[in-house]
J.: 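Here you go, one structure.
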Number of protein chains: 2
Amino acid sequence: MRTFVAAADAGQFQDAAAALSITQQAVSKRIAALEKDLQVRLFTRTPRGAQLTVDGQAFLPHARELLRVEARADASVRPGRRALRVDVHSRRTAPAVLLQDFHRTHPRIELDVVTLDADVHAATAAVDAGTVDATFHAVTVPARRLPPAIRTARVIDERHELLVGPRHPLAAAHAVTPAQLAEHRIWMPGMAVDTEWSDYYDELAAAFGLTIDRIGPVFGNEALLAEIADSPTLATLAGERTRYLWPDSYDLRRIPVRDPAPIYPMSLIWRADNPHPALPKLRDHLVARRVDPPDGPVWLPKWGR
Amino acid sequence: MRTFVAAADAGQFQDAAAALSITQQAVSKRIAALEKDLQVRLFTRTPRGAQLTVDGQAFLPHARELLRVEARADASVRPGRRALRVDVHSRRTAPAVLLQDFHRTHPRIELDVVTLDADVHAATAAVDAGTVDATFHAVTVPARRLPPAIRTARVIDERHELLVGPRHPLAAAHAVTPAQLAEHRIWMPGMAVDTEWSDYYDELAAAFGLTIDRIGPVFGNEALLAEIADSPTLATLAGERTRYLWPDSYDLRRIPVRDPAPIYPMSLIWRADNPHPALPKLRDHLVARRVDPPDGPVWLPKWGR
DNA sequence: GACGAGCCACAACCGATCGTTGTGTGAGTA
DNA sequence: TACTCACACAACGATCGGTTGTGGCTCGTC
């Protein structure tokens, strides 16, 4: 591919060979092999050089694209100049949404979004070890108990919505208060114990007398949404910016939880001595995008106050 | 890359090897070579299989993308299942704009836009020979004088705009008539004689007593625009949907030509027995997009009436 | 019209590459 | 302790892909 592009650019095999530091014969062979593979003639050879055929013309942009993608793939992992690597705990929640927004406004910055499937501590350790450049998590411990090189900045205050089906008693509500939820069953299957999320929802449940039910097999979000759409009693909580997709026929309602609005605070976590040039840009972007303060009364967990 | 993706999908080298019809050892070698090249570990080997490292996770989507691009590159030229290949005489004029629109509404259809730099006859010959699937041109001869397998459909009726700089006497006009243009000099450098375009503009000039000036060296569109921006007398004609880009400082004006509006009629040209499945879709799309009839009085060349 | 220059293709050769078979190592398991 | 499973290492052979050498073609020039 590289040889083909070089030959197309040079207009003749000899110069392309020089540019690639190989012989003209090698270029000829490579092009011939490519043509044989594709079963198509890419150049018309003339005594003045080689000109692209129509097929060659059509192929050229694809070849260039291939080289671009290869360079990006390389840049994504090669030590020293790899893309900014950020861990999110799910590709559907606020951190992923904000990263997508960051990518839109800074399309030139190479970004790799990975999911380590780890809690705060393991993810922080990964940042400390340098396997990822940053992660988004709720920081539940004071700064002095973190590894010394680690820095955090609170960049997300995520409010909640109640997700219910059309037959649920709250289906028509414009907003609900946490106190109102006490009478209803909140279902959040698959939330593991002893994580930052369970800490948060346990404290929330205790504060407002909620019943948050985490039992039941985990069949994934699609199954959860299908169950909720169908049930007159089940409901679940989700972050305001969480991306859920469901068929129109489900007729699910997203109802803001307010007065007070429970806030799930999340921080960007990075290493102070990480020299990646894109890191401060991400931080600035997130700070600028922060909804601060959310309007109306809010509720925060103890560790977030 | 293919081996890496297969191994990542399988979760172990053995199954990937089976899927690729090679031995486990070969997979191991390929992955090791890739890792050595990238200077990064992509898998953690366990007695249960191989799991992606964070680097591997980051690399995987790029690897998949590379394979996709490769498949598209292949499909763009491989005989039998290549992309729909359409010739336009310029990437800036209406046909290219309409193709882009077609691509937006049918993103799944592989499309290759090429420029043969040929007149109607040569382009029609190319369609007849099968080097391109279709071309856009003004058809100046009756259907019976075309090769028997060739079909045409008039799909574009392009109106014109006058392009002038801020010091031109017509700079402030909301519209101009062809008759008004008789007093002004129209500059269209680089328009070769004995082509469909020169035929058209010669007839237009004769019909309204215009002075269309085709002399002068061709430095390209950018140079033309710069000259026009600067001149109080020069003007040029352009198709309504022609994409021109110029700096704001040029302050160029695009003034519709109306009463009557000179129409440049263009047809899609294809071979009746071309079995490419995307061809009828393109034709239908173009017919649906056709502005038919353009409102207000129009002027057409003899061969277009 | 002969000749040289420029460019690409073909042929012979040779070292590197890549896949194969065979074997070793380590972790989990009966 | 022995067995299984999965990956790594080693040796070997075919193929690949590069180089050098050469020939054919076209064009410009004398």
Side-chain angles (χ1 to χ4, degrees), chain A residues 1-60 63 66-67 70 73-74 77-78 117 131, chain B residues 1-60 63 66-67 70 73-74 77-78 117 131:
Chain A
M1 285 297 200
R2 208 179 303 284
T3 308
F4 167 73
V5 171
D9 286 344
Q12 56 181 40
F13 290 8
Q14 308 238 79
D15 291 1
L20 298 169
S21 306
I22 56 174
T23 60
Q24 166 264 315
Q25 289 88 333
V27 172
S28 179
K29 262 188 163 184
R30 285 186 182 178
I31 301 291
L34 184 60
E35 288 179 332
K36 187 185 168 193
D37 184 51
L38 294 171
Q39 301 175 34
V40 118
R41 206 135 182 82
L42 296 172
F43 289 97
T44 51
R45 279 77 161 170
T46 76
R48 292 267 186 76
Q51 271 203 321
L52 285 176
T53 61
V54 187
D55 287 298
Q57 261 186 64
F59 194 63
L60 182 56
L66 196 83
L67 298 185
E70 190 246 333
D74 197 281
V77 293
R78 188 174 293 280
D117 282 323
T131 48
Chain B
M1 285 296 200
R2 209 179 303 284
T3 307
F4 168 72
V5 171
D9 286 343
Q12 56 181 42
F13 291 7
Q14 309 236 78
D15 291 1
L20 297 169
S21 306
I22 55 175
T23 60
Q24 167 264 317
Q25 289 88 332
V27 172
S28 177
K29 263 188 163 184
R30 285 185 182 178
I31 301 291
L34 183 60
E35 288 179 331
K36 187 184 168 193
D37 184 51
L38 295 170
Q39 300 174 35
V40 118
R41 206 136 182 83
L42 297 172
F43 290 96
T44 51
R45 280 74 162 172
T46 75
R48 292 265 184 76
Q51 270 203 322
L52 285 175
T53 61
V54 187
D55 288 298
Q57 262 187 63
F59 194 63
L60 182 57
L66 196 83
L67 297 185
E70 190 246 329
D74 196 280
V77 293
R78 188 174 293 280
D117 283 322
T131 48

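Proteins get letters first, then strands, A, B, ... in listed order; numbering begins at 1 in each.
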J.: Tell me whether the side-chain N/O atoms of A:R30 come closer than 4.0 Å to OP1 or OP2 in D:dG18.
T.: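 True: A:R30 side-chain N/O within range (under 4.0 Å) of D:dG18 OP1/OP2.
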J.: Taking the side chain as C-beta and beyond, is there a heavy-atom pair between A:V40 and A:F59 under 4.5 Å?
T.: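 Sidechains of A:F59 and A:V40: no contact.
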J.: Can you find a pair of side-chain heavy atoms, one from A:L20 and one from A:R30, that are under 4.5 Å apart?
T.: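 Yes, side chains in contact.
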J.: Produce the list of close N/O pairs, under 3.5 Å, pairing protein atoms with atoms of nucleotides 28-30 of chain C; give distances to one decimal.
T.:
from, atom 1, to, atom 2, distance (Å)
C:dG28, O3', B:R48, NH2, 3.3
C:dT29, OP1, B:R48, NH2, 3.1

J.: Looking at the side chain of A:K29, which of C:dC10, C:dT21, D:dG18 is the nearest nucleotide?
T.: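 For the A:K29 side chain, the nearest candidate turns out to be D:dG18.
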J.: Output the rounded distance in Å from CG (A:L42) to C1' (C:dA9).
T.: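 It works out to 16 Å between those atoms.
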J.: Mark yes or no for whether B:T53, through its side chain, and B:L42, through its backbone, hold a donor-acceptor pair below 3.5 Å.
T.: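 Pair found, side chain donor or acceptor close to backbone of B:L42.
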J.: Whole angstroms only, please: what is the CD1-P distance between B:I31 and D:dC9?
T.: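 Those two atoms, CD1 and P, are 14 Å apart.
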J.: Quick one: are A:R48 and A:Q12 in side-chain contact, heavy atoms under 4.5 Å?
T.: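 Answer no - side chains too far apart.
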J.: Any donor-acceptor pair under 3.5 Å between the side chain of B:Q25 and the base of D:dA10?
T.: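 Side chain to base: no pair present.
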J.: Any donor and acceptor pair, going by atom type alone, linking the side chain of B:E35 with main-chain N or O of B:F43 inside 3.5 Å?
T.: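 Looks like yes, one N/O pair under 3.5 Å.
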J.: Please state how far atom NZ in B:K36 lies from atom P in D:dC9, giving the value in whole angstrom units.
T.: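 It is 12 Å, rounded to the nearest whole Å.
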J.: For the pair made of CD in B:Q24 and P in C:dG24, what is the distance, rounded to whole Å?
T.: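 Rounding to the nearest Å, CD of B:Q24 and P of C:dG24 are 15 Å apart.
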J.: I'd like to know if the side chain of A:T3 reaches the main chain of A:V27, judged simply by a donor and an acceptor atom lying under 3.5 Å from each other, with no hydrogens or angles considered.
T.: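 Answer holds: no.
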J.: Any residue in residues 2-23 of chain A with a heavy atom nearer than 4.0 angstrom to DNA chain D? Just list them by number, or reply none.
T.: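 Here the set is A:I22, A:T23.
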J.: Mind checking A:A33 for me? I need base, sugar-phosphate or nothing, with any heavy atom below 4.0 Å counting as a touch.
T.: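 Contact class for A:A33: none.
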J.: Is A:E70 close to A:R2 at the side-chain level, that is, under 4.5 Å between some pair of heavy atoms?
T.: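 Yes, at least one pair of side-chain atoms sits under 4.5 Å.
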J.: I need the CG-P distance between A:L34 and D:dG17, as an integer number of Å.
T.: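 These atoms are roughly 12 Å apart.
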J.: By the 4.0 Å heavy-atom rule, please label A:A50 as base, sugar-phosphate, or nothing.
T.: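 Answer is sugar-phosphate: A:A50 comes under 4.0 Å of backbone atoms only.
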J.: Would you say A:S28 reaches C:dC8's phosphate, i.e. side-chain N/O to OP1/OP2 under 4.0 Å?
T.: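 Looking at the OP1 and OP2 atoms of C:dC8, neither is under 4.0 Å from any side-chain N or O of A:S28.
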J.: What I'd like to find out is whether the side chain of B:F13 reaches to under 4.5 Å of the side chain of B:Q25, using heavy atoms alone.
T.: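 Heavy-atom side-chain distance check fails, nothing below 4.5 Å.
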J.: I want to check something: taking the side chain as every heavy atom from C-beta on, are A:K29 and A:I22 in contact at a cut-off of under 4.5 Å?
T.: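 No, their side chains stay 4.5 Å or more apart.
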